[in-house]
Structure formats: structure tokens, C-alpha cells
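Have a look at the structure below, then the notes.
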Amino acid sequence: MRRYFGRKLLVYGLTFFVAVTVNWLIPRFMPGDPVASMVARANVSQPAAAEAMRVYYSNLFGFDQPLITQYLNFWAALFRGDFGISVWLFPSPVSSVIMSAVPYTLALIIPSVLLSWVVGNRFGAYAARRKLLDNTVLPVGYVLTAMPYMWLAVLLAWALGVIAGLFPVAGGYSFSMRPNWSWAFLLDLLHHWTLPFLSLFLVALGGWAIGMRNMIIYELESDYSNYLAALGAPARLIRRYAFRNAVLPQITGLALQLGVIVAGALVTEIVFAYPGLGSLILNAIKNKDFFLLQGTFLFIVLGVLIANFIIDIVYVVVDPRTRAGMAGARA
């Protein structure tokens with residue numbers, strides 16, 4: 001098992017190195033000059049003062065150094081936990097800006113991912129052996145999983161927000177309120193959270209339901225299921241074994257789909273002007289904030305890699321064949 005996780009850590013380490021390097025390169029290939037944008041926002045009329053500001057900011061952010069030096073300085077600062085200073089919200093540190101948005105994104109992604117996976121697998125398992133449910137779950141599942149996150153978000157905002165007036169369509173909380181730990185503020189947070197959550201939950205739900213339904217049917221028609229039935233095993237026991245075997249590919253699918261779900265969450269946040277990492281990325285692009293863009297992407301890459309590693313651990317725990325293979329490799 002140590003060798004297995006050692007190889008996994010090596011793969012994740014290489015992936016992290018490549019992702020961070022690409023993350024550093026992308027903003028620098030973007031058109032525009034962040035220093036020029038900062039000087040323009042300052043609205044300085046005297047050319048000498050504007051030039052002095054440009055030189056100061058270029059030196060402060062390290063843009064006056066060669067690219068290779070900037071790259072090495074980036075890694076050195078990264079190991080110190082320093083993500084730089086935000087160009088858009090100067091002089092706020094990037095880390096503090098990101099941490100103010102992370103709770104909103106996590107509160108959106110974690111429940112939608114886990115609930116859609118659990119509920120979708122259960123619905124798919126029930127649909128595989130109930131024709132009436134199968135005739136409804138399967139078509140609805142295909143429709144939901146084919147919907148782009150952004151399109152469903154717009155539909156929900158229009159139907160439940162604009163037309164029905166049941167939920168707000170923008171923001172993380174009401175503009176008239178200030179963040180605090182009161183029940184009124186928490187309920188207001190939940191009210192604004194509902195539509196972005198539903199956008200992510202419903203799209204993912206359809207895919208998990210279809211996948212589990214197909215896997216259950218395959219498992220119930222496999223040789224071991226027919227053998228158990230021939231031995232007189234109860235149908236409930238056969239379905240239990242079928243579900244346990246069918247859920248393993250769904251765990252793998254969760255790891256594969258995690259990046260897609262995170263990307264969908266970021267787009268959904270932009271639709272609802274939700275104050276998470278998606279909105280930060282949009283504002284960073286608008287203001288050519290290299291450091292905020294780098295820090296946000298870095299946090300997302302780290303989160304996805306850590307979540308995938310956790311899923312790998314869970315897979316080893318729930319699949320005895322993997323543990324048997326490790327024991328055989330040691331022998």
C-alpha cells in the first residue's frame with residue numbers, strides 16, 4: 001500500500017508542478033498591462049508622476065525583471081505561502097482576498113457534489129428495478145445531464161427568481177445586511193445560496209442517476225448474480241451485491257468529473273454574481289490582476305488534487321480487490 005500511495009503522490013506532485021507552471025504562464029499571455037491599468041485608474045494628469053507610479057508598481061510586482069527570474073521568484077514566494085498583492089484590490093494580499101471568497105465556493109460545491117452523488121445513485125438503483133420509475137428517471141436524467149450549468153442557472157434565475165419571485169437572483173446575501181452570526185443573516189445566506197446550489201445539484205444528479213441505473217442492470221445480468229439466483233439467494237441480497245459493485249465505477253467517475261463540476265460552479269457563481277472564486281476570476285480578468293488570477297487558479301488546482309487523492313483513498317477502502325492486488329504485489 002505504501003508503494004501504491006507513493007506512486008500516486010508522485011503523479012500528483014508532477015501534476016501540481018505542471019499545473020502551477022501553466023497557471024503562471026496564462027496571465028502573462030493575456031493582452032493588456034496591469035501596471036498601466038493601475039496608473040490609469042489613479043487618473044494622474046502629470047506625465048512625470050504617472051511615469052514614477054509606473055516604475056514603482058513595476059518594481060513592486062517584479063515586472064521589471066526577466067521572465068525566468070519572475071518564475072523562480074514565484075516558486076520561492078509560493079513555498080513561503082506568499083501569493084502576492086492584488087492589483088485590483090491594491091494593497092490587499094491575494095491570500096486574504098481568496099480566503100474571503102473560499103467559504104462561499106466550498107459551501108456551494110461540497111453539498112452539491114455529495115448530495116447529487118448520493119441521491120443520484122439511489123434514484124438510479126431504484127430505477128433499474130422499477131419500470132415506472134425507470135420511464136421517468138431516465139428521460140429526465142438525460143435532459144438534466146445534457147444541460148450546461150450556465151444555461152440551467154439562467155433558467156432557474158428566470159423561473160424561480162424573476163417570474164415566481166421566490167429567490168434572489170444575485171449576490172451572496174442582501175445588500176441591506178452585514179455579515180454576522182445572527183439567524184437572520186444565516187437564513188438570508190441560505191436564501192441566496194439555493195438557486196446556485198440547485199443549478200449544480202440538478203445537472204450532476206441526472207448523470208449519476210443514469211450511470212448507476214446502467215451499472216445496476218449490468219450487474220444484475222452478470223454471471224455471479226445468475227449464480228446466486230440459481231442457488232436460491234434472496235433477490236434483496238443479490239441487489240445489495242449488485243449495488244456494492246456498481247458503486248465502484250461511480251466513485252471513479254466522481255474523481256473524473258470533479259474538475260468539470262468545479263468549472264461549472266465557477267460559471268454558476270458568475271451567473272448569480274455569487275461572491276465566490278468564480279466572481280474573483282472574472283474580476284481578476286477584467287482588471288488584469290495577474291496575482292489574484294494565479295492565486296485563485298492555484299487554490300482550485302490544489303483543491304481538485306486533494307479531493308482526487310481522498311477519493312483514491314476511499315476507493316482502496318471500499319474495494320477489496322484493490323487491497324488484494326496490493327498484497328499480491330508485495331508478495
Side-chain angles (χ1 to χ4, degrees), residues 1-5 7-8 11 109-147 197-198 200-262 264 304 306-331:
M1 186 174 293
R2 183 181 302 174
R3 184 180 301 174
Y4 171 82
F5 284 116
R7 289 197 301 266
K8 285 288 183 180
V11 171
I109 291 178
I110 293 176
S112 59
V113 169
L114 296 180
L115 288 176
S116 64
W117 191 82
V118 173
V119 176
N121 284 330
R122 287 297 177 183
F123 264 102
Y126 291 143
R129 59 180 188 268
R130 287 178 172 81
K131 190 172 183 179
L132 178 62
L133 191 58
D134 188 27
N135 292 334
T136 56
V137 168
L138 192 61
V140 173
Y142 278 125
V143 171
L144 289 176
T145 195
M147 284 186 177
F197 164 76
L198 286 176
L200 298 174
F201 173 78
L202 292 176
V203 173
L205 177 70
W208 297 129
I210 292 172
M212 177 55 75
R213 179 257 184 196
N214 294 336
M215 288 303 303
I216 287 290
I217 291 176
Y218 172 80
E219 294 293 337
L220 290 177
E221 294 176 354
S222 62
D223 292 339
Y224 78 87
S225 295
N226 294 328
Y227 180 70
L228 287 175
L231 292 177
R236 184 176 180 181
L237 178 63
I238 298 175
R239 289 196 298 265
R240 186 184 305 167
Y241 278 112
F243 181 81
R244 290 177 60 182
N245 287 327
V247 82
L248 296 176
Q250 295 291 84
I251 295 176
T252 305
L254 180 60
L256 296 175
Q257 289 294 317
L258 198 58
V260 177
I261 295 172
V262 171
V304 172
I306 292 172
N308 274 272
F309 186 68
I310 293 173
I311 292 173
D312 282 337
I313 295 174
V314 171
Y315 197 90
V316 171
V317 172
V318 300
D319 188 2
R321 294 172 296 185
T322 306
R323 297 195 298 273
M326 293 178 185
R330 288 198 301 269

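As the structure is a computational prediction, the values presented were derived from the model and not from experiment. Note that the numbering runs from 1 along the sequence shown for the chain.
Of the possible polar contacts, none joining the Q250 side chain to the W117 backbone as a donor-acceptor pair under 3.5 Å is found. Of the possible polar contacts, one joining the S112 side chain to the I109 backbone as a donor-acceptor pair under 3.5 Å is found. Distance alone, capped at 3.5 Å, places no donor-acceptor pair between the T145 side chain and the G206 backbone.
Rounding to the nearest 0.5 Å gives a distance of 9.5 Å between CG of N226 and CG of L220. Taking CG from N308 and OG1 from T252, the interatomic distance works out to 10.5 Å, rounded to the nearest 0.5 Å.
Shortest non-hydrogen contact noted between Y224 and Y241 is OH-O, 3.7 Å. Across all non-hydrogen atoms, the minimal contact from S225 to E219 is OG-O, 2.6 Å. Scanning both residues, M147 and V203, for their nearest heavy atoms gives O-CG1, 3.6 Å. Residues L254 and V113 approach most closely at CD1-CG1, 3.7 Å, considering heavy atoms. In plain terms, the two heavy atoms of A128 and I217 that are nearest each other are CB-CG1, 3.9 Å. In terms of heavy-atom proximity, A125 sits nearest to I216 at CA-CG1, 4.0 Å.
The local environment of CZ in F123 is sparse, with at most 12 non-hydrogen atoms from other residues, nucleotides or ligands closer than 6.0 Å.
Counting heavy atoms from C-beta outward, W208 and V118 have side chains that stay 4.5 Å or more apart. Side-chain contact between Y126 and M212 is absent, with no heavy atoms from C-beta onward closer than 4.5 Å. Proximity of L228 to L237: side-chain heavy atoms (C-beta onward) are nowhere separated by under 4.5 Å.
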Given N214 and Y218, is the side-chain contact (heavy atoms from CB on, under 4.5 Å) satisfied, shown in steps? CA-CA 6 Å; N214 294 336; Y218 172 80; over 6 Å; no
